[in-house]
There are 2 protein chains.
Amino acid sequence: MPRVRISDVAAAAGVSISTVSLVMNDRDARIPLETQERVRAAAAATGYTPNSVARGLRMQTTRTIGLVSDTIATTPYAGRMLAGAQDVAREHGHLVILVDTGDDAEVERDAIRALADHQIDALIYACMWHRVVDAPDHLPARTVFLDCRPVGGGHPAVVPDDRAGGATAVRELVAAGHRRIAFVDVDEPNAPIASALRLEGYMEALREAGIEPDPELHVYGATTTAKGGRSATDLLLDLPESRRPTALFCFNDRMAAGAYVAARHRGLEIPRDLSIIGFDDQQLVAAELDPPLTTVALPHYEMGRWATEVALGVRTPDDPGAVHLMECPIIRRDSVSPPPAAGRDPGRRRT
Amino acid sequence: MPRVRISDVAAAAGVSISTVSLVMNDRDARIPLETQERVRAAAAATGYTPNSVARGLRMQTTRTIGLVSDTIATTPYAGRMLAGAQDVAREHGHLVILVDTGDDAEVERDAIRALADHQIDALIYACMWHRVVDAPDHLPARTVFLDCRPVGGGHPAVVPDDRAGGATAVRELVAAGHRRIAFVDVDEPNAPIASALRLEGYMEALREAGIEPDPELHVYGATTTAKGGRSATDLLLDLPESRRPTALFCFNDRMAAGAYVAARHRGLEIPRDLSIIGFDDQQLVAAELDPPLTTVALPHYEMGRWATEVALGVRTPDDPGAVHLMECPIIRRDSVSPPPAAGRDPGRRRT
DNA sequence: TGAATCCGCTCAATCGTTTTAGCAACCACG
DNA sequence: CGTGGTTGCTAAAACGATTGAGCGGATTCA
């Protein structure tokens with residue numbers, strides 16, 4: 001059976017189409033309550049709900065927002081951004097049209113055009129991880145960048161405060177009493193921008209604590225995977241005992257997982273013999289590690305909310321030109337403890 | 001600046017709106033090439049692309065599909081289903097409007113209505129994991145179920161073939177020479193339907209191999225997490241040596257990860273002393289485990305494709321009433337080997 | 001008493017397309 | 001020269017809503 005239209009309601013209520021529209025959107029206070037009741041009753045009886053396409057054409061607003069991303073929806077990393085975006089959209093009666101481009105520029109261009117053709121009210125341009133992007137030319141006026149930042153600026157953007165997050169992580173280790181703190185970094189040809197930022201935070205926190213950074217303690221893995229973390233950690237643990245770190249700040253949780261296996265292979269117990277802190281708070285790895293990993297969370301949900309709120313115009317950035325930095329909170333689990341007492345054998349063998 | 005409309009193109013080309021529409025959709029062969037060229041040139045010059053909302057109103061098809069799910073997009077488990085759905089949608093010029101309901105029935109109802117109001121061409125009702133669902137009443141005619149199946153039937157549905165997948169896993173272990181194969185199951189109050197199905201497959205493969213199922217080897221964890229897997233595995237490894245299994249088929253990869261830690265705590269080496277096979281092929285866990293886990297993959301991507309293809313009408317199910325079962329392929333990594341030679345000490349200590 | 005205001009509603013235009021019916025000019029044919 | 005068919009295009013009616021202008025009657029006010 002076909003959808004019921006406003007004309008059906010009008011017929012049922014014995015009034016004109018205009019009247020139905022007026023009462024449904026209560027746009028005209030002059031219509032007496034009795035008539036209003038009649039119209040509402042007819043609408044309810046027929047099960048009428050307005051056709052959003054027709055309304056979209058007339059009103060020039062579709063109550064939809066587009067969200068293009070490289071691979072957010074289809075990879076397990078940043079889904080919480082979507083949750084934030086969707087929640088805000090729902091709260092304001094909007095729907096979100098999602099396109100994952102798989103990082104293909106042509107797909108992306110086509111997608112943005114298709115979205116514009118569909119008259120989306122706003123566009124969110126999102127990345128899976130913090131990047132600075134060379135954004136396409138013809139973006140809608142209402143575009144906001146999520147977890148990335150356009151080279152030229154010109155649109156609101158929100159990214160995690162990786163620098164501050166790095167500092168937070170290192171401060172946590174300092175507070176536990178560590179002085180020899182390593183940074184397990186990544187050495188990819190195009191390392192993520194977060195790498196440099198977290199390093200800055202690391203340096204900052206060391207400086208704050210009056211610790212002289214030891215270049216020897218800044219090591220690199222080839223990739224951001226467990227494998228990369230493991231090989232980098234091996235470098236550290238190969239150091240003579242006195243120069244070895246007592247704590248590791250790993251670029252991310254996966255690398256931290258690799259650090260766990262490197263430590264375990266030498267019979268080191270975490271956190272007794274070695275404290276480890278990660279970054280990202282990836283549930284599947286951080287929470288499942290043994291012991292569960294203390295880490296700094298990427299505020300994906302909050303960033304998704306922020307971006308959508310400004311896209312919808314319900315929030316205005318303090319400084320519309322600037323990139324909004326979102327705080328990365330620390331998630332305390334069980335991989336950090338005070339360093340082994342100086343001079344004590346860190347324990348070659350498990351009991 | 002406002003969008004360019006078809007009337008702008010018509011003016012630029014010096015023809016009527018009808019003509020422009022006709023050539024853009026090449027709907028009338030009678031228009032001479034010369035005029036066609038002129039129109040196309042004008043369209044290109046002005047940068048015209050048709051307004052999909054207006055077209056949607058006129059054509060009664062919006063070239064969008066709705067995808068409602070419990071929490072697919074926002075959790076790291078089943079994102080590949082989205083990838084499959086999106087790829088098919090894109091291949092056919094469609095956009096997908098995504099709503100994660102967070103399993104809230106009211107949100108779900110509202111979302112389905114909102115999608116219907118937006119005149120989606122088809123609806124995909126998806127779940128994060130294989131379930132049989134009590135689907136809402138007023139679903140669009142074109143609805144297909146993805147990774148779940150409506151109690152009453154009535155719509156096409158696709159789910160993984162968990163039974164066959166379970167059999168595949170166990171056959172792999174049998175082929176490696178194992179005879180004492182345990183099933184590390186889950187004992188949640190409402191255990192996933194996949195649990196019973198994979199058990200069936202387990203039984204089937206044992207029977208096939210002429211192995212008498214040993215009830216002692218069917219153990220339960222409290223949850224589908226690593227913790228659950230670990231405690232269930234402990235039960236198995238507490239068994240006297242002669243009754244202990246040489247291989248574990250774990251309900252999923254996370255439980256398999258738990259089995260790894262249980263084994264490691266007893267100094268058992270995988271796969272030398274104990275073979276382990278998982279289910280789901282969750283990248284973040286299966287591939288990162290040490291050694292990488294052999295597992296049976298959930299065909300998320302293919303299911304997403306299938307569902308979307310039938311939703312779009314480009315594929316017709318062989319039996320439209322039946323639930324389509326999608327094959328679960330085995331992913332061989334390094335956690336399965338032949339059992340330790342009979343009588344040999346399985347090795348209490350690492351070398 | 002005449003003008004102004006209010007009441008309760010409806011008319012008709014509009015949003016930007018697609019598509020059917022058909023007009024005017026021309027040609028061919030008997 | 002009338003008829004019929006083609007060619008090249010256009011007018012106008014949808015699609016389903018929203019909304020400003022307006023209409024006829026009753027009431028109020030000067």
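Excluded from the calculations below are hydrogen atoms, water molecules and symmetry mates; all remaining heavy atoms, backbone and side chain alike, are included. Throughout, protein chains are lettered first and strands after them, A, B, ... in sequence-line order, and every chain is numbered starting at 1.
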### Query
Taking the nucleotide of DNA chain D with the closest heavy atom to each, which residue, B/G14 or B/Q119, is nearer the 5' end?
B/G14
## Note on the structure
Of the listed C/dT19, D/dT19, C/dT17, the closest approach to the B/S21 side chain comes from C/dT19
### Query
Tell me: CD1 of B/I6 to C1' of C/dC15, nearest whole Å?
14 Å
### Task
For C/dC9, take OP1 and OP2 only and decide whether either is under 4.0 Å from a side-chain N or O of A/T35.
yes
## Note on the structure
By nearest-heavy-atom nucleotide on DNA chain C, the more 5' of B/V53 and B/T19 is B/V53
### Task
Measure the distance from CD1 on A/I17 to C1' on D/dG20 and round it to the nearest whole Å.
16 Å
### Task
Choose from D/dT10, D/dT19, C/dG16 the nucleotide whose nearest atom is closest to any side-chain atom of A/M59.
D/dT19
### Query
Tell me: CD1 of A/I31 to P of C/dC6, nearest whole Å?
17 Å
### Query
Is the distance from OP1 or OP2 of C/dG16 to the nearest side-chain N or O of B/R3 less than 4.0 Å?
no
### Query
What's the CD-C1' distance between A/E37 and C/dG8, to the nearest Å?
17 Å
### Task
Please determine if a side-chain N or O atom of B/Q60 lies less than 4.0 Å away from the OP1 or OP2 oxygen of D/dA14.
no
### Given DNA chain D, 5'-ward residue of the pair A/L22 and A/R30, judged by closest heavy atom
A/L22
### Query
What's the CG-P distance between B/L33 and D/dG8, to the nearest Å?
11 Å
### Query
Just how far, in rounded Å, is P of D/dG16 from CG of B/D117?
13 Å
### Pair A/D103 + A/R131: basic N to acidic O under 4.0 Å
yes
### Message
Just N and O in the side chain of A/Q36: are any of them under 4.0 Å from OP1 or OP2 of C/dG8?
### Response
no
### Task
Using whole Å, report how far CG of B/N51 lies from P of C/dT14.
18 Å
### Message
For B/F145 and B/H155, take the angle between the two ring planes, folded into 0 to 90°, and tell me which bin it lands in: parallel under 30, tilted 30 to 60, perpendicular over 60.
### Response
tilted
### Message
So, does A/S18 get its side chain near the phosphate of C/dT10, meaning an N or O under 4.0 Å from OP1 or OP2?
### Response
no
### Message
As a quick check of understanding, evaluate side chain to side chain contact (heavy atoms under 4.5 Å, CB included) for A/T64 and A/H118, giving each step before the final call.
### Response
CA-CA 9 Å; A/T64 52; A/H118 276 267; 6.0 Å; no
### Query
Hey, is A/R3 close enough to B/D117 for a salt bridge, meaning N to O under 4.0 Å?
yes
### Message
Need to verify one output field. Residue with the more 5' nearest nucleotide on DNA chain C, B/D28 or B/Y48?
### Response
B/Y48
### Task
Grab the CZ-P distance between A/R5 and D/dA14 for me, whole Å please.
12 Å
### Message
Which residue is it: B/I193, B/V323, B/V159? I am looking for the one with a side-chain contact (heavy atoms from CB on, under 4.5 Å) to B/V132.
### Response
B/I193
